[in-house]
Every structure is written in C-alpha cells, then in structure tokens.
K.L.:
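I have a structure I would like to understand better, so I am pasting it below and will then ask my questions one at a time.
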Amino acid sequence: MVKAIRVHETGGPEVLRLEDYDPGKPGAGEVLVEQKAIGLNFIDIYFRTGLYSAKTPFIPGGEGAGVVLDVGEGVRDFKPGDRVAYCINSGAYAEQRLAPADRLVRIPEGIPYEQAAGMMLKGMTAWYLLRRTYPVKPGDVILYHAAAGGVGLILGQWAKHLGAKVIGTAGSPEKVELAKAHGFDHVIDYRKQDFVSEVREITGGRMCDVVYDSVGKDTFPASLDCLRPLGTFASFGQSSGSVPPFNIGLLAQKGSLFATRPTLFSYIAERRELDTAAEELFSVVESGAVKIMVNQSYPLADVAKAHEDLEGRRTTGTTVLIP
Ligand SMILES: NC(=O)c1ccc[n+]([C@@H]2O[C@H](COP(=O)([O-])OP(=O)(O)OC[C@H]3O[C@@H](n4cnc5c(N)ncnc54)[C@H](OP(=O)(O)O)[C@@H]3O)[C@@H](O)[C@H]2O)c1
C-alpha cells in the first residue's frame, strides 16, 4: 500500500482525502512510477469542484515526474530506473501510480524532478498556444492574462524567445514585477487599470495579434477589444468563472476575429505531437531561454492548503506537491 489523495464527492478543498492505495501491478503497455514530484494545476480545481466531470472516486492530478519501478508486458521504451515525466488527465496525486507507457517521456539529465513535474502540463500548454493555436512570429504582439501564474511565466519567456512583443496582465504590484522579470515587456495590473485602454496605449492603437485568455468571465468580452482585425482569441480556461454564451456575430462586429476554445489533450493526442511538444519544451528549458520557476512546494498530505492558495490567487509560477 502507498498513500494517495482521493476525491469521493466533489466540493471544496476538504474533499481531498489522504488514503491508503494499492496502485497494482503494471498490465500490458503500462509502467509503475514512483513519483518524486507532482505538478499542481488550476484544472485540478475544476475536477475537484465538479466543473469538469470525472467518475468518483478518483485520484486528481494531471502532471508528475518520477522513476520507473516496474514495466508491464510489451513495454520496450522504458525500464526500471528510468527518469520519466507525463501529463495525463488524472491520477497524479499519489506516491506511486500506473501510467500508459505511450504517455511517458524521458526527462533530460539536467532537469530536476520538481521542474519536470511542474512543467509538463503547463509547459506543453504554452507550447501549443504559441506554436500551434496561433503560431507566434517575430514582431507579433500578444496579450496573456494572469502573467505571473504557472502557465504565464513559462509562456512569457517563450514568447519573448520567439521574438514577440509580450504584454501581460497580473493581479498585484508584486506579480507585475515578477512577470516583467520573465519575458513580459509590459505588464498591466488589471485590478487597478483598464487593460483595454492600456493595451491601446502600449501598441499605439495597433492592438494585438492574439489574446490568450484563461481568466474567462472577468476578462470577457474586454479581451476581444484588445485584438486587431483578424486577430485570434484563444480562450483556454476560466479561473474567474466561465465565459458566458455569446452571439457569434460579435466576432464580425469586432473585426472578423477568430475564436477558439482549445485544450492541451487534443493537441498531444498523437504520440508524434507529444514527442514534438516535449522536445521543444525541454529544448527551451535546457538552453536557458525558459526558466521553470518552482515558487511553492507542499507535502502531498497538505494538498488542500495548496488548492486554497492557488484558488486564492496567492501562488506565482509553478507549484509542486512532494509525496
Ligand atoms: N485549456 C488548456 O489546455 C489548459 C491547460 C493548462 C491550463 N489551463 C488554464 O490556464 C489557466 C492557468 O493555469 P495555471 O495552473 O497556470 O494557474 P495560474 O495561472 O497559476 O493561477 C490562476 C491565476 O488566475 C488569476 N485569476 C484571475 N481571476 C481569478 C479568480 N477569480 N480566482 C482565481 N484566480 C484568478 C490569478 O492571477 P492574478 O492574481 O494575477 O489575477 C491566479 O493566480 C487556468 O485557467 C487553467 O485552467 C488550460
């Protein structure tokens, strides 16, 4: 038996229960991983509250890193002792877990477990937003909300590396400064300033080629007003609540805009794309262009406190849970 966090009914942080758990032996195509670090994500909150549905009881957690303990029949790419990381819908909040071998990637030697655990879901999200949803070119102007967050600090540095002019928003003066130190050229405190007029001033009225918006309710529809004609609105989360239903004619009125609601799992469903995402991510981290800021670490048993802090806007960068 090992320890794991299980959710039996959805609700507040108190539904995250530490329990004994038997991960079982790896079946065909599976790998048993001893987890060294687990990444915390806002998506974990959506599953815990029931906004995203999962069959109960379930073990939450979408990213982690560890060492291979055992492999099942037919697994040829991994062996006991290998350092691996993954981004999988659930099951990460545990000391040990089974994982399908075709969803694991090898961690390069220079990258510690904490960073690997905290960068898979968030870093591959930054990858698909910048390289697939709206492929950013040198000179593009981009806006990213919640710039000091987990995805935010990675995306800001990566967008800068790609040659974009990077504008962010953040919810306190400290967060504004942190985002400025991680790729963002301009950061607007959107709790104090009107971000649409600030973007207009920063861009000299040109506005942005793309807005990556994971805040949702509170920044909609103002985010659309930050786009130039034919710009792209990528709505990829709802930290403040869901974007309300809207008339698609709004996109015509605001300049023939493109709007998409992407999720990482569609972009990495094919193994080839998972490999590309991981390679590009590890490459920008190993080159030093993107630094993974593990700014909070909690014992796995204190996961409820970690959820409260993430929901309460008290975290910055990446947060990990240590089993
Ligand atoms: N679709 C996908 O594929 C995908 C993948 C990964 C993540 N996501 C989404 O991306 C977002 C960022 O994820 P993350 O794990 O890196 O989280 P995060 O950005 O570290 O945390 C969320 C941030 O949102 C901001 N926020 C604004 N209004 C808020 C409110 N009412 N309550 C709480 N936070 C609020 C806060 O920053 P300020 O204080 O600066 O406002 C907070 O720190 C989440 O919405 C997540 O669901 C989507």
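Numbers here simply count residues along the sequence, with the first being 1. As the structure lists them, so they are numbered: ligands from 1, and atoms in each ligand from 1. These numbers come from a predicted model, not from an experiment.
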K.L.:
Need the ligand 1 atom indices (1-based, order shown) with element for anything under 4.0 Å from a heavy-atom of Leu310.
P.N.:
20 (O), 21 (O)

K.L.:
Arg131 side chain to Ala277 main-chain N or O, any donor-acceptor pair under 3.5 Å?
P.N.:
no

K.L.:
Which protein non-hydrogen atom lies closest to atom 23 (C) of ligand 1, naming both residue and atom, and how far is it?
P.N.:
Ala146 CB, 3.9 Å

K.L.:
Would you mind checking which non-hydrogen protein atom is closest to atom 5 (C) of ligand 1, with the distance to 0.1 Å?
P.N.:
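The closest one turns out to be Thr125 OG1, 3.1 Å.
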
K.L.:
Output yes when the distance from some N or O of ligand 1 to some N or O of Ser214 is under 3.5 Å, and no in every other case.
P.N.:
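Yes; at least one N/O pair falls below 3.5 Å.
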
K.L.:
Among all the protein's non-hydrogen atoms, which is closest to atom 39 (O) of ligand 1, and how far away is it?
P.N.:
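For atom 39 (O) of ligand 1, the nearest protein heavy atom is Lys175 NZ, 2.6 Å.
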
K.L.:
Tell me the closest heavy-atom pair linking Val199 and Cys208, and the distance in Å.
P.N.:
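In terms of heavy atoms, the two residues are closest at CG1-SG, 3.7 Å.
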
K.L.:
Taking atom CD1 of Ile38 and atom CD1 of Ile322, what is their separation to the nearest 0.5 Å?
P.N.:
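Nearest 0.5 Å value for the CD1-CD1 distance: 7.5 Å.
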
K.L.:
Is there any N or O on Thr169 that sits under 3.5 Å from an N or O of ligand 1?
P.N.:
no

K.L.:
Quick check: does Phe42 get an N/O under 3.5 Å from an N/O on ligand 1?
P.N.:
yes

K.L.:
Can you confirm whether Glu73 is buried at CD, in the sense that more than 12 heavy atoms of other residues, nucleotides or ligands lie under 6.0 Å from that atom?
P.N.:
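12 or below, so no.
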
K.L.:
Does Gly150 reach ligand 1 with a nitrogen or oxygen that is under 3.5 Å from one of the ligand's nitrogen or oxygen atoms?
P.N.:
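Yes, there is a polar N/O contact under 3.5 Å.
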
K.L.:
Does some non-hydrogen atom of Gly152 fall short of 4.0 Å from ligand 1?
P.N.:
no

K.L.:
Distance to 0.1 Å, residue and atom name: give those for the protein heavy atom nearest to atom 2 (C) of ligand 1.
P.N.:
Tyr128 OH, 3.3 Å

K.L.:
At under 4.0 Å between heavy atoms, is it the side chain or the backbone of Pro262 that contacts ligand 1, or both, or neither?
P.N.:
backbone

K.L.:
Which heavy atom of Thr169 sits nearest a heavy atom of Val187, and at what distance?
P.N.:
C-CG1, 4.2 Å

K.L.:
So with a 6.0 Å cut-off around CD of Glu9, is the heavy-atom count from everything else above 12?
P.N.:
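Yes, enclosed.
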
K.L.:
Just heavy atoms, cut-off under 4.0 Å: does Arg191 contact ligand 1 by side chain, backbone, both, or neither?
P.N.:
neither

K.L.:
What is the ring orientation for His145 with Phe195, classed by angle as parallel under 30°, tilted 30 to 60°, or perpendicular over 60°?
P.N.:
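Judged by the thresholds at 30° and 60°, the geometry between His145 and Phe195 is perpendicular.
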
K.L.:
Using a 4.0 Å cut-off to any heavy atom of Leu264, which atoms of ligand 1 qualify?
P.N.:
2 (C), 3 (O)

K.L.:
What atoms of ligand 1 come closer than 4.0 angstrom to any heavy atom of Thr263?
P.N.:
1 (N), 2 (C), 3 (O)

K.L.:
Taking only heavy atoms of Glu311, which atoms of ligand 1 are found under 4.0 Å from at least one of them?
P.N.:
32 (N), 33 (C)

K.L.:
Check whether any heavy atom of Arg261 sits under 4.0 Å from an atom of ligand 1.
P.N.:
yes

K.L.:
Quick one: look up the protein heavy atom nearest atom 34 (N) of ligand 1 and list residue, atom name and how far away it is.
P.N.:
Arg313 CG, 3.4 Å

K.L.:
Run the contact test for Ala148 against ligand 1 with a 4.0 Å cut-off on heavy atoms, strictly below, and give the result.
P.N.:
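No, Ala148 has no heavy atoms under 4.0 Å from ligand 1.
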
K.L.:
Under 4.0 Å, heavy atoms only, figure out whether ligand 1 is touched by the backbone of Leu121, its side chain, both or neither.
P.N.:
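For Leu121, the contact with ligand 1 is made by the side chain alone.
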
K.L.:
Would you list the pairs meeting ring-ring contact (aromatic ring centres under 6.0 Å, His included) in which at least one residue belongs to residues 248-288, sequence neighbours left out?
P.N.:
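Passing the test, one end in residues 248-288: Tyr128-Tyr267.
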
K.L.:
At under 4.0 Å between heavy atoms, which part of His145 makes contact with ligand 1: side chain, backbone, both or neither?
P.N.:
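Answer for His145: neither.
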
K.L.:
Go through it in stages, so that I can follow the logic: the residues are Lys305 and Asp309, the test is salt bridge (Lys or Arg N to Asp or Glu O under 4.0 Å), and I'd like the CA-CA distance, side-chain angles, deciding distance and then a yes or no.
P.N.:
CA-CA 6 Å; Lys305 170 84 174 97; Asp309 288 347; 3.0 Å; yes

K.L.:
In sequence, state the C-alpha distance, the side-chain angles, and the governing distance for Lys79 and Asp82, and then conclude on salt bridge (Lys or Arg N to Asp or Glu O under 4.0 Å).
P.N.:
CA-CA 6 Å; Lys79 58 176 187 329; Asp82 286 347; 3.0 Å; yes

K.L.:
Do me a favour and list the nearest non-hydrogen protein atom to atom 9 (C) of ligand 1 with residue, atom name and distance?
P.N.:
Phe236 O, 3.7 Å

K.L.:
Do other residues, nucleotides or ligands put more than 12 heavy atoms under 6.0 Å from the CZ atom of Arg76?
P.N.:
no

K.L.:
Does even one non-hydrogen atom of Tyr267 get within less than 4.0 Å of ligand 1?
P.N.:
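Checking ligand 1 against Tyr267, which is what was asked, there is no heavy-atom contact under 4.0 Å.
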
K.L.:
Measure the distance from atom 16 (O) of ligand 1 to every protein heavy atom, then report the residue, atom name and distance (to 0.1 Å) of the closest one.
P.N.:
Val151 N, 2.9 Å

K.L.:
Checking side-chain contact (heavy atoms from CB on, under 4.5 Å) for the pair Tyr113/Gln35: CA distance, chi angles, key distance, verdict?
P.N.:
CA-CA 9 Å; Tyr113 286 117; Gln35 308 231 95; over 6 Å; no

K.L.:
Does an N or O from Ile43, backbone or side chain, lie closer than 3.5 Å to an N or O of ligand 1?
P.N.:
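Not met; the criterion fails.
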
K.L.:
Determine the minimum heavy-atom distance between Trp158 and Ala126, stating which atoms define it.
P.N.:
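Looks like CE3-CB, 4.2 Å.
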
K.L.:
In ligand 1, which numbered atoms sit nearer than 4.0 Å to a non-hydrogen atom of Ala170?
P.N.:
40 (O)

K.L.:
Taking only heavy atoms of Gly149, which atoms of ligand 1 are found under 4.0 Å from at least one of them?
P.N.:
18 (P), 19 (O), 20 (O)

K.L.:
Please write down residue, atom name and distance for the protein heavy atom closest to atom 30 (C) of ligand 1.
P.N.:
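Ranking protein heavy atoms by distance from atom 30 (C) of ligand 1, first comes Ser239 O, 3.4 Å.
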
K.L.:
Tell me whether the rings of Tyr93 and His307 are parallel (<30°), tilted (30 to 60°) or perpendicular (>60°).
P.N.:
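Rings of Tyr93 and His307: perpendicular, over 60°.
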
K.L.:
In terms of atom number and element, which parts of ligand 1 are under 4.0 angstrom from non-hydrogen atoms of Gln238?
P.N.:
45 (O)

K.L.:
We want to know whether His8 and Glu19 form a side-chain donor-acceptor pair, criterion being a heavy-atom distance below 3.5 angstrom.
P.N.:
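Yes, a side-chain donor-acceptor pair sits under 3.5 Å.
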
K.L.:
Would one find more than 12 heavy atoms of other residues, nucleotides or ligands at under 6.0 Å from atom CD of Glu286?
P.N.:
yes

K.L.:
Does Tyr190 reach ligand 1 with a nitrogen or oxygen that is under 3.5 Å from one of the ligand's nitrogen or oxygen atoms?
P.N.:
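Yes - when backbone and side-chain N and O of Tyr190 are compared with those of ligand 1, one distance drops under 3.5 Å.
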
K.L.:
Quick one: are Val105 and Met120 in side-chain contact, heavy atoms under 4.5 Å?
P.N.:
yes

K.L.:
Could you tell me whether some N/O pair between Gly171 and ligand 1 is separated by less than 3.5 angstrom?
P.N.:
yes

K.L.:
Do Lys165 and Asp140 pass the salt bridge (Lys or Arg N to Asp or Glu O under 4.0 Å) test, and can you show the C-alpha distance, the side-chain angles, and the key distance before you say yes or no?
P.N.:
CA-CA 6 Å; Lys165 175 166 176 161; Asp140 281 344; over 6 Å; no

K.L.:
When you compare ligand 1 with Ser240, is there at least one nitrogen or oxygen pair between them that comes in under 3.5 angstrom?
P.N.:
no

